[in-house]
Number of protein chains: 2
Amino acid sequence: MTQSDLRIGDLARRTGVGAATIRYYGDIGLLPEAGRSEGGQRHYGPSHVERLTFIKRCRELGFSQDDVRALLTHADQSDASCEDVAQLAKKHLEVVRAKLATLQVLENSLEYMVHACHGGRIEDCRIVKALANHD
Amino acid sequence: MTQSDLRIGDLARRTGVGAATIRYYGDIGLLPEAGRSEGGQRHYGPSHVERLTFIKRCRELGFSQDDVRALLTHADQSDASCEDVAQLAKKHLEVVRAKLATLQVLENSLEYMVHACHGGRIEDCRIVKALANHD
DNA sequence: GCTTGAAGCTCTAGCAACTAGAGGATTCAC
DNA sequence: GTGAATCCTCTAGTTGCTAGAGCTTCAAGC
């Protein structure tokens with residue numbers, strides 16, 4: 001029990017990640033297991049803060065758990081080339097761009113539908129008609 | 001067993017929705033229950049084709065199951081006003097736009113990270129560093 | 001030292017929207 | 001009548017958490 005030890009609530013407040021989520025990350029092996037007090041409560045050190053911050057940032061950027069795992073593994077090998085990391089980031093950027101494109105199409109369709117509707121009875125509703133037709 | 005009856009595989013092929021998903025939609029009440037043959041196999045009619053197409057289109061546009069349920073309910077009341085439908089569509093359009101905005105921010109961050117990386121050792125990798133820092 | 005309330009523990013179940021697989025029954029064409 | 005294709009039900013898995021029940025531990029104040 002060093003002075004720098006944090007209980008799960010402290011770590012949660014410091015990183016902005018919920019306690020339940022921190023436990024979950026421990027369970028699935030994303031975050032190394034914490035030390036335990038005699039009573040069984042988790043104690044975290046500075047390395048956990050760092051790692052959890054890394055994980056959080058990855059998740060905010062939309063990386064999947066598997067991606068995060070891979071990124072962590074690479075990041076741990078300090079003298080490896082960072083090509084793999086860059087590759088992962090690029091791949092993810094592609095995914096994000098694909099999603100963006102899809103959403104933009106959706107936006108257009110929805111906008112069209114919303115504009116096409118001028119009130120009236122459902123029977124004549126252009127939105128409903130647009131939804132009922134396949135191309 | 002009318003001539004127009006479809007077995008689940010036929011309906012799947014005709015609509016592009018998988019058989020398992022069709023059964024699932026029946027289970028959760030999105031699609032009305034099909035008639036059954038003596039042996040217990042499902043038989044669908046033209047109304048099912050229509051409704052499933054509607055559902056599929058909604059899902060493609062990103063509407064949630066609850067939204068789809070609401071849209072179907074409204075669409076069924078042929079002489080109601082279509083204001084509620086338009087309202088749902090507008091609300092969904094907002095959601096889509098919010099997602100777009102988030103993704104665009106992500107895209108920028110990722111792009112920046114990818115460009116910042118010029119190869120080298122992990123230890124110096126700007127991507128890893130960007131991921132490790134909270135703002 | 002004792003009390004008390006906050007914070008922690010484990011375990012289970014739930015969310016959305018399907019998808020996959022096991023193991024068996026039905027249907028249909030030949 | 002046979003064999004292949006299709007269908008049936010049921011269960012469990014996916015992703016990434018989140019909520020709750022019921023119990024224990026910790027830390028601060030008296």
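Computation of the quantities below employed the complete heavy-atom set of this structure, encompassing side-chain atoms and omitting hydrogens, waters and symmetry-equivalent molecules. Fair warning: this is a prediction, and the values are worked out from it, not measured in the lab. In the text below, chain A, chain B and the rest are named by the order of the sequence lines, each starting its count at 1.
- In this structure, of C:dC18, D:dC26, D:dC17, it is C:dC18 that holds the atom nearest to the side chain of B:Gln65.
- Summarising the geometry, the separation between OH on A:Tyr25 and P on D:dC17 is reported as 3 Å, rounded to the nearest angstrom.
- Taking the side chain as every heavy atom from C-beta outward, A:Arg42 and A:Arg36 approach each other to under 4.5 Å.
- Each of A:Ala20 and A:Gln41 was assigned the nucleotide of DNA chain D with the nearest heavy atom; the assignment lying further toward the 5' end belongs to A:Ala20.
- Judged purely by atom type and a 3.5 angstrom limit, A:Arg97 has no side-chain atom pairing as donor or acceptor with the backbone of B:Glu107.
- Atom NZ of A:Lys56 is separated from atom P of D:dG16 by 17 Å (rounded to the nearest Å).
- Comparing atom distances between the A:Arg42 side chain and each of D:dC7, C:dT10, D:dG16 picks out C:dT10 as nearest.
- In this structure, the CD1 atom of A:Ile28 is 12 Å from the P atom of D:dT18, given to the nearest Å.
- As judged by a 4.0 angstrom heavy-atom cut-off over every strand, A:Arg36 is placed among residues touching the sugar-phosphate backbone only.
- Residue B:Arg69 has no polar side-chain atom (N or O) positioned under 4.0 Å from OP1 or OP2 of C:dA17.
- Listed nucleotides: D:dA27, D:dC7, C:dC9. Nearest to the side chain of A:Arg7: D:dA27.
- Rounded to an integer number of Å, the gap from A:Ile22 CD1 to C:dA7 C1' is 13 Å.
- With distances taken from any side-chain atom of A:Tyr24 to the nucleotides D:dC8, D:dG16, C:dA17, the minimum falls on D:dG16.
- Rounded to whole Å, the distance from CG on A:Leu30 to C1' on D:dT15 is 12 Å.
- B:Leu88 is listed as a side-chain neighbour of B:His74, based on a closest heavy-atom distance under 4.5 Å.
- Distance from the side chain of A:Thr21 is smallest to D:dC17 among D:dC17, C:dA17, C:dG8.
- Of the residues near DNA chain C, B:Arg59 and A:Gly40, the one whose nearest nucleotide (by heavy atom distance) lies more toward the 5' end is A:Gly40.
- A:Ile8 places its CD1 atom 19 Å from the P atom of C:dA6, with the value rounded to the nearest Å.
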| task | Test side chain to side chain contact (heavy atoms under 4.5 Å, CB included) on B:Val68 and B:Gln65 and set out the steps. | result | CA-CA 5 Å; B:Val68 177; B:Gln65 272 183 12; 5.5 Å; no

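- An OP1 or OP2 oxygen of D:dC26 is reached within less than 4.0 angstrom by a side-chain nitrogen or oxygen of A:Ser37.
- A:Asp124 contributes atom CG, which lies 12.5 Å from atom NE2 of A:His118 (distance to the nearest 0.5 angstrom).
- With rounding to whole Å, A:Phe63 atom CZ is found 17 Å from D:dG16 atom C1'.
- Taking atom CG of residue B:Asp27 and atom P of nucleotide C:dT19, one finds them 14 Å apart after rounding to whole Å.
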